[in-house]
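Structure, as structure tokens:
Each chain gets a letter, A, B and so on, in the order the sequences are listed, and its residues count up from 1.
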There are 2 protein chains.
Amino acid sequence: MRFHRHACITRDGGLTHERRRIVNAIPTVYDVAERSGVSIATVSRVYRSPDSVRAATRERVLAAASELGYVPSGNARGLASRSTGVLGLCFPDYSDPDTVGAEDDDAAMLYSDQIIRGMERAARRHGYALLIAASLAGGPESLVAQVAGRVDGFAVMARTVPTEELEAISRRRPVVMLAGPRAQDPSLDHLDHVEVANEDGQYELTRHLVHDHGLRRLAYVGFGEDSPDVEARFRGFRRACAEAGVEAAAAPALRMPMMTQAEGARAARLLCERSGDRPEAFVFANDQMAVGALQALERRGLRVPDDVVVTGFDGIPLSRLVRPALTTVRQPMVRMGEEAVDLLVRRLSGQPPQEPVSLMLPVGVARRASCGCEETPVLPTVG
Amino acid sequence: MRFHRHACITRDGGLTHERRRIVNAIPTVYDVAERSGVSIATVSRVYRSPDSVRAATRERVLAAASELGYVPSGNARGLASRSTGVLGLCFPDYSDPDTVGAEDDDAAMLYSDQIIRGMERAARRHGYALLIAASLAGGPESLVAQVAGRVDGFAVMARTVPTEELEAISRRRPVVMLAGPRAQDPSLDHLDHVEVANEDGQYELTRHLVHDHGLRRLAYVGFGEDSPDVEARFRGFRRACAEAGVEAAAAPALRMPMMTQAEGARAARLLCERSGDRPEAFVFANDQMAVGALQALERRGLRVPDDVVVTGFDGIPLSRLVRPALTTVRQPMVRMGEEAVDLLVRRLSGQPPQEPVSLMLPVGVARRASCGCEETPVLPTVG
DNA sequence: CATGTCGATGAAAGCGCATTCACATTAGGG
DNA sequence: CCCTAATGTGAATGCGCTTTCATCGACATG
């Protein structure tokens, strides 16, 4: 309707863009078109398919655009073309605003940092940018409004957004769940999933302790109330124990409320003070707690791995740097982000809709000093 | 022109949205409006200003939206309201796609990770989401198209996008330069800047070595060809030397091509093998090289800090974990991201346009074992 | 010379929403 | 019970772009 060149009779004189040019506003295709003596269609073509425009014309347009400081509006472009060229990621808000500066949650953040890195890299390869948002204080409503409405598809880290909400959104655009298991009832969960082999990883690690080191009395230490990750890892632990004929309780020996180093240290003390024989190995559900335990054990004068073996899970950088270096299960977090993007891109590339995908990424056991597999040099070997 | 209810005569019957509903397309305000028996204006109001809609009406609309899986289009919203609610960050592409999995560039990436974290956190506080993009292979053109056109304002890490281009864009929307000095000719640089006090930090650190530890023969090791950061740090080094009457060459003792640990190790070897007295202290322009040097010195049987002092710059987590822990200058990278967002938000909040701002964030010297200020416990104290 | 072909350009329409009026409805005041 | 003032809702318009579709030349072909 711009300029109302056809038969319609309207109120305003169609001076909109003439008016806009007078104030110092953001230049649009109209300004560039006028300045270079072409139509807006040609300006658009210069950006969308440069080869379809004669070279001389193209130069004129680009010159005008440059003089005006013209940048195409992503909103308008997205609206007209029905796609944004942006993928999204929603992750939980680890950083409590009160603890700014505390480096305590560093490891937890590393998790999302790595996923961000992987997604950004893969998205870029496919020509997408990445929009990130931690879960907002304003509740999931705003999260969805902020992200879901602005992207062609997005990934969500587990337990960031309610499942029902994701279901509704995923009816209309691709959504990938990161590090969260598929819902029990598959009819309620049509998302794609990318997980790591928590159970298999813990199984392998446990098997190594039992089989290669001959350990029999193992204590598993979990965290959180109902973390699916911890549950899966514990299942792997039990499976390995069962296969080797080692007795293992039906529940973790300890279940700490949080996944911090402090809690790990506390867990180590509790296990040492319990009546009966001290376990030969402390199997922790993550690295942070295991590191805390290393410190607590050192303080008690217990040597790792000679007096007690300690293992972790995640493979955070710190796990390699502590002394003794921590035997753990390495999670491919960067790759997780990359796989998520690949899934999204596949869904977006006009393939016929398929069944929901569940990717289970393999993990690797890092056998290091804390189980007795390596010497303990004084200086970390880095890089 | 939708439905063409006014006097215009047009070709199509305005069936657009009826048609769309039949295919399984993304629902729009029109679908929600129809389903809940209101106009699209009311649907819009339900999201933009819920209080202006009667409660009963609001519930009807929300119910319809939920049934349809409606998510407001960020593009349309942005186009109509002339803002996106998104801030951007462009950072250099550290990750060479060939070295995926190599953890060598970890520390360099940590730098951008932390800035991302800071920006995301601050952006969220102000109700913005964050769009991130590393510099694209397709050249800066696509970077700008991807980011600049989609955000209300953005930050750029130094040497990611050519200055002229930033100048053009910044005429129309706020742009903040991160960790890059203002151009020599201020008339060519109207960006806001956020920097860290590189010079002062290196000055303080050097002063500490000279003044508190009585060192006189210091060797400065830089990297890169023309890194402004390294230059600033070296200026601080020289200033401290000059004030203390310690002789310092006009140029760094060594200037390695890259900022890696391997180069740091090589630098340490070169300095040890040079003719003449070995310097008492190796002052590195970043932590990674310093860590590499620690390893090389250990291999040569030289004790740090007893035989030679080593210092770094940046305060990466690794600096605290190596043995001996590295004396270094801590950069407030998270805060840098936060300050950048604050600057952007301030410019966006309709303030009268002001002069370009240059923020110089203070740094802190971390005095640790590698200069002789701390004991060296076997196990890193973490958290 | 008429005709067909192809490349370059312009005209027009619409993407999904916010927003401005105008209008309808209801509540308050006399 | 009428008039005015809120209050709630609808019609219409444009945000800046992409994308047909039509047009217009410039040529090559018969």
Side-chain angles (χ1 to χ4, degrees), chain A residues 1-12 14-17 19-20 25-33 36-58 60-61 70-84 145 149-150, chain B residues 1-8 10-17 19-20 25-33 36-58 60-61 70-84 145 149-150:
Chain A
M1 297 314 302
R2 197 177 303 271
F3 295 120
H4 304 280
R5 294 260 169 72
H6 61 303
C8 282
I9 296 163
T10 57
R11 272 196 308 278
D12 73 297
L15 294 172
T16 321
H17 275 284
R19 208 189 310 121
R20 288 184 73 271
I26 294 188
T28 73
V29 269
Y30 291 90
D31 304 307
V32 177
S36 52
V38 298
S39 75
I40 62 162
T42 299
V43 176
S44 176
R45 275 188 281 258
V46 165
Y47 288 92
R48 297 275 69 69
S49 50
D51 294 340
S52 73
V53 178
R54 199 155 37 112
T57 314
R58 198 192 318 141
R60 283 215 320 280
V61 170
Y70 168 70
V71 175
S73 152
N75 281 326
R77 176 179 289 188
L79 185 56
S81 66
R82 278 167 287 285
S83 81
T84 64
R150 311 207 70 84
Chain B
M1 295 313 301
R2 196 177 303 270
F3 295 118
H4 305 282
R5 292 262 169 72
H6 61 304
C8 284
T10 57
R11 272 196 308 279
D12 74 296
L15 293 174
T16 320
H17 274 284
R19 207 190 312 121
R20 287 184 75 271
I26 292 187
T28 71
V29 268
Y30 292 91
D31 304 306
V32 176
S36 51
V38 299
S39 76
I40 62 161
T42 299
V43 176
S44 176
R45 277 188 279 256
V46 164
Y47 288 92
R48 298 276 67 72
S49 49
D51 294 340
S52 75
V53 178
R54 200 156 34 115
T57 314
R58 197 192 318 141
R60 281 213 324 280
V61 170
Y70 167 70
V71 175
S73 152
N75 281 326
R77 179 180 288 188
L79 186 55
S81 66
R82 277 166 286 285
S83 81
T84 65
R150 310 207 70 84

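Within the 4.0 Å cut-off from OP1 or OP2 of C:dT9, at least one side-chain nitrogen or oxygen of A:Thr57 is found. Distances shown here put a side-chain N or O of A:Ser39 below 4.0 Å from the OP1 or OP2 atom of C:dG10. Checking the phosphate oxygens (OP1, OP2) of D:dT7, no side-chain nitrogen or oxygen of B:Arg54 falls inside 4.0 Å. OP1 and OP2 of D:dG16 both lie 4.0 Å or more from every side-chain N or O belonging to A:Thr28. The side chain of B:Thr42 contributes an N or O atom lying less than 4.0 Å from OP1 or OP2 of D:dG10.
Rounded to an integer number of Å, the gap from CZ of B:Arg150 to C1' of D:dC17 is 12 Å. Taking atom CZ on B:Arg60 and atom C1' on D:dG8, their separation rounds to 12 Å, with Å as the unit. Rounded to whole Å, the distance from CG on A:Asn75 to P on C:dA18 is 12 Å. One can place CG of B:Leu79 at 8 Å from C1' of C:dC17, the figure rounded to the nearest angstrom. Rounded to an integer number of Å, the gap from B:Ile26 CD1 to C:dG16 P is 9 Å. The separation between A:Arg58 atom CZ and C:dA8 atom P is 9 Å, rounded to whole Å.
Here the straight-line distance linking atom CG of A:Asn75 with atom CZ of B:Arg77 works out to 11.0 Å at 0.5 Å rounding. Between B:Tyr70 atom OH and B:Ile26 atom CD1 the span is 11.0 Å, to the nearest 0.5 Å.
Shown here are the side-chain contact (heavy atoms from CB on, under 4.5 Å) partners of B:Arg54, two or more places apart in sequence or in another chain: B:Thr57.
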Give me the distances for all protein-to-nucleotides 18-21 of chain D N/O pairs that come in under 3.5 Å?
residue	atom	partner	partner atom	Å
D:dT18	OP1	A:Arg48	NH1	2.6
D:dT18	OP1	A:Arg77	NE	3.0
D:dT18	OP2	A:Ser44	OG	2.2

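The closest donor-acceptor contact from the side chain of B:Ser73 to the backbone of B:Ala76 lies under 3.5 Å. In this structure, the side chain of A:Arg58 engages the main chain of A:Val53 through a donor-acceptor pair within 3.5 Å. A:Arg150 contributes a side-chain N or O that, together with a main-chain N or O of B:Thr84, makes up a donor-acceptor pair within less than 3.5 Å.
Residues A:Val46 and A:Val43 form no side-chain contact, since every pair of their non-hydrogen atoms from C-beta on lies 4.5 Å or further apart.
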